Amino acid sequence: MITPGVGKPKVVVVGGAGYVGSVLVPHLLSQNFAVTVVDNLRQGGEGMLPNFIHPDFHFVEADILESRKLKELSKGAEMVVNLAAIVGYPACKKWPEEARRTNVDGIHSLLGALEDSTRLVYFSTGSNYGEVPGICDEETPLNPLSLYGETKTQAEHLCMERQNSVALRFATAFGLSPRLRLDLMINDFTYQALVNRYLLVYERHFRRTFIHVHDMARVVSHIYHVWDRAVGMRLNVGHESLNLTKEDIARELQKKLDFHLYFADVGKDEDRRNYEVSYARIRGLGYSTVVDLDRGLGELLAGLRLVRIRNPYSNV
Ligand SMILES: NC(=O)c1ccc[n+]([C@@H]2O[C@H](COP(=O)([O-])OP(=O)(O)OC[C@H]3O[C@@H](n4cnc5c(N)ncnc54)[C@H](O)[C@@H]3O)[C@@H](O)[C@H]2O)c1
């Protein structure tokens, strides 16, 4: 008889029940990792349901601040991936104390729980760059412009003071997940165009950078396999072909769907994200994304036609 999990590298995913985690966890299970998710279920747990059938999946309801529990759970783990956070500037603005507690104190708690030999992958964000002229690479100074960016920058710094860590600075995610987020720009544009048949875009020339959630999952197993080369690095994760203006995205959507598109100066992004990013460093480690905008929009349009969304902007 084969005992579940035996011989498989153990990965603990903190905050694994959310939008990204709900895609990352099945990916890791498919790549022969034994996976333990630790999450306080702030965003619910439905995204985890398909995993319970898997003998190498474990779920523990706990808060990132419960350092003792994290210590117990991460004992013997090859890798810990931290996703737990209050995510996005609107949510951090609404719950500032919780944002500081989770995004920064939570990292102190996690770092106190880890054995030196455990690899730590920290989910950081390109939002930390702020508004940058020219092209950002990993040496570009961080200039966070919101509480979200500030707390994520502090947390990244804390993680990278540790020897055995990698920080992944992700582009903005898009795509379907069992725990859907419609506050993400491409998901939001698609949903509005589909349901309302019109879309109003502000800051149309602002350039942002995107990554499909499936590619966010893929990079984690990739980094595990190239750990000796990646350790100690901060890495932008995305692809130059997905450095796009808001107008680019809306126009691309118009090729697939009939809706009214308007441009007007009626809002602003408090992270003032208007930047272009180089992904040369992660490419140098042999990783590239596989989902382009065309495929991602096709997926969103097909999926969003099916689901009944009760609270489209649940993150805020
Ligand atoms: N989605 C993106 O575009 C994007 C881009 C760059 C980086 N990231 C980073 O990726 C990570 C995951 O983002 P997401 O989009 O899946 O967000 P999400 O809000 O869907 O997921 C966050 C998860 O963390 C959990 N959580 C929150 N507070 C917790 C606490 N105190 N203890 C334990 N668990 C807690 C939530 O319950 C949720 O399951 C975040 O760290 C985010 O900063 C996301």
Side-chain angles (χ1 to χ4, degrees), residues 12-25 36-48 59-67 69-70 73 80-92 94-95 97-110 113 120-129 144 146-156 159 167-188 208-217 219-220 234-238 242 271 273 277 296 313-316:
V12 176
V13 184
V14 186
Y19 170 74
V20 176
S22 300
V23 176
L24 170 63
V25 171
T36 300
V37 167
V38 184
D39 198 297
N40 70 353
L41 296 184
R42 190 183 189 280
Q43 304 291 354
E46 290 88 339
M48 289 294 93
F59 174 77
V60 179
E61 184 176 346
D63 197 285
I64 192 172
L65 291 164
E66 292 178 71
S67 196
K69 227 180 213 177
L70 291 177
L73 292 167
V80 170
V81 184
N82 183 57
L83 280 71
I86 303 303
V87 182
Y89 77 78
C92 290
K94 191 164 173 185
W95 298 287
E97 287 318 311
E98 191 184 352
R100 286 193 190 91
R101 244 190 347 261
T102 305
N103 299 7
V104 182
D105 301 349
I107 296 302
H108 284 291
S109 157
L110 179 63
L120 172 64
V121 174
Y122 177 66
F123 264 55
S124 189
T125 166
S127 293
N128 296 349
Y129 288 118
S146 67
L147 181 60
Y148 176 57
E150 239 174 71
T151 55
K152 293 295 285 184
T153 301
Q154 263 184 54
E156 181 192 292
C159 290
L168 302 177
R169 290 180 183 161
F170 286 99
T172 299
F174 71 108
L176 294 178
S177 158
R179 177 343 229 185
L180 201 48
R181 276 185 62 190
L182 290 181
D183 56 315
L184 296 166
M185 206 182 96
I186 295 181
N187 294 359
D188 177 34
R208 297 267 302 270
T209 183
F210 301 93
I211 183 167
H212 192 273
V213 63
H214 172 69
D215 284 321
M216 294 175 87
V219 76
V220 175
R234 294 159 174 85
L235 294 159
N236 293 332
V237 187
L242 285 167
D271 266 327
R273 287 164 290 188
V277 176
Y313 303 105
S314 62
N315 255 58
V316 294

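Atoms within each ligand, like the ligands themselves, are counted from 1 in listed order. Please read these numbers as outputs of a predicted model, since none were measured by experiment.
Taking every heavy atom of Thr125 and a limit of under 4.0 angstrom, the matching atoms of ligand 1 come to 6 (C), 7 (C). If you number the atoms of ligand 1 from 1 as listed, the ones under 4.0 Å from a heavy atom of Arg179 come out as 18 (P), 19 (O), 20 (O). For ligand 1, the atoms closer than 4.0 angstrom to any heavy atom of Thr172 are 3 (O). If you number the atoms of ligand 1 from 1 as listed, the ones under 4.0 Å from a heavy atom of Gln43 come out as 19 (O), 36 (C), 37 (O), 38 (C). With ligand atoms numbered from 1 in the order given, ligand 1 contributes 1 (N), 2 (C), 3 (O) to contacts under 4.0 Å with heavy atoms of Ala173.
Geometrically, ligand 1 and Ser124 share no nitrogen or oxygen pair separated by less than 3.5 Å. Taking any N or O of Ala171, backbone or side chain, none lies under 3.5 Å from an N or O belonging to ligand 1. Residue-to-ligand polar distances keep Gly21 apart from ligand 1: every N/O pair is separated by 3.5 Å or more.
Heavy-atom proximity to atom 41 (O) of ligand 1, evaluated over Glu98, Lys152, Glu61, is greatest for Lys152. The option from Thr102, Val237, Leu110 that lies nearest to atom 28 (N) of ligand 1, judged by heavy atoms, is Thr102. Closest to atom 31 (N) of ligand 1 by heavy atom, among Asp63, Leu70, Asn103, Asn187, is Asp63.
With Lys152 contributing its side chain and Phe123 its backbone, the two residues share a donor-acceptor pair below 3.5 Å. With hydrogens and angles ignored, the 3.5 Å screen pairs a side-chain donor or acceptor of Asn187 with a backbone N or O of Gly175. Using modelled atom types, one side-chain atom of Ser109 and one backbone atom of Ile64 make a donor-acceptor pair closer than 3.5 Å.
Using 4.0 Å as the threshold, Tyr148 has a heavy atom nearer than that to some atom of ligand 1. Ligand 1 has at least one atom lying under 4.0 Å from a heavy atom of Ala62. Under a 4.0 angstrom heavy-atom cut-off, Gly126 registers as lying outside contact with ligand 1. Under a 4.0 angstrom heavy-atom cut-off, Ser22 registers as lying outside contact with ligand 1.
By the criterion of a heavy-atom distance under 4.0 Å, neither the backbone nor the side chain of Val14 is placed next to ligand 1. At a 4.0 Å heavy-atom cut-off, ligand 1 touches Arg181 through the side chain alone. Proximity of Val20 to ligand 1, defined as any heavy-atom pair under 4.0 Å, is shared by backbone and side chain alike. Within the 4.0 Å heavy-atom criterion, neither part of Ser127 lies near ligand 1.
Note that the CD1 atom of Ile107 and the CG atom of Asn82 stand 4.0 Å from one another [nearest 0.5 Å]. For the atom pair OH (Tyr122) and CG (Leu168), the distance works out to 11.0 Å, reported to the nearest 0.5 Å. Considering OG1 of Thr151 and OH of Tyr89, their distance stands at 14.5 Å, rounded to 0.5 Å. Rounded to the nearest 0.5 angstrom, Leu242 CG and Phe174 CZ are separated by 5.5 Å. Atom CD of Glu97 and atom OG1 of Thr102 lie 10.5 Å apart (nearest 0.5 Å).
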Inset, instruction - Before giving the answer on side chain to side chain contact (heavy atoms under 4.5 Å, CB included), spell out for Phe170 and Val219 the whole-Å C-alpha distance, their side-chain angles and the decisive distance to 0.1 Å. - result: CA-CA 10 Å; Phe170 286 99; Val219 76; 3.7 Å; yes

Inset, instruction - Please test Asn236 against Tyr129 for side chain to side chain donor-acceptor pair (under 3.5 Å), starting from the C-alpha separation and ending with a verdict. - result: CA-CA 11 Å; Asn236 293 332; Tyr129 288 118; 2.7 Å; yes

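With no hydrogens or angles considered, a side-chain donor-acceptor pair links Thr172 and Arg208 at under 3.5 Å.
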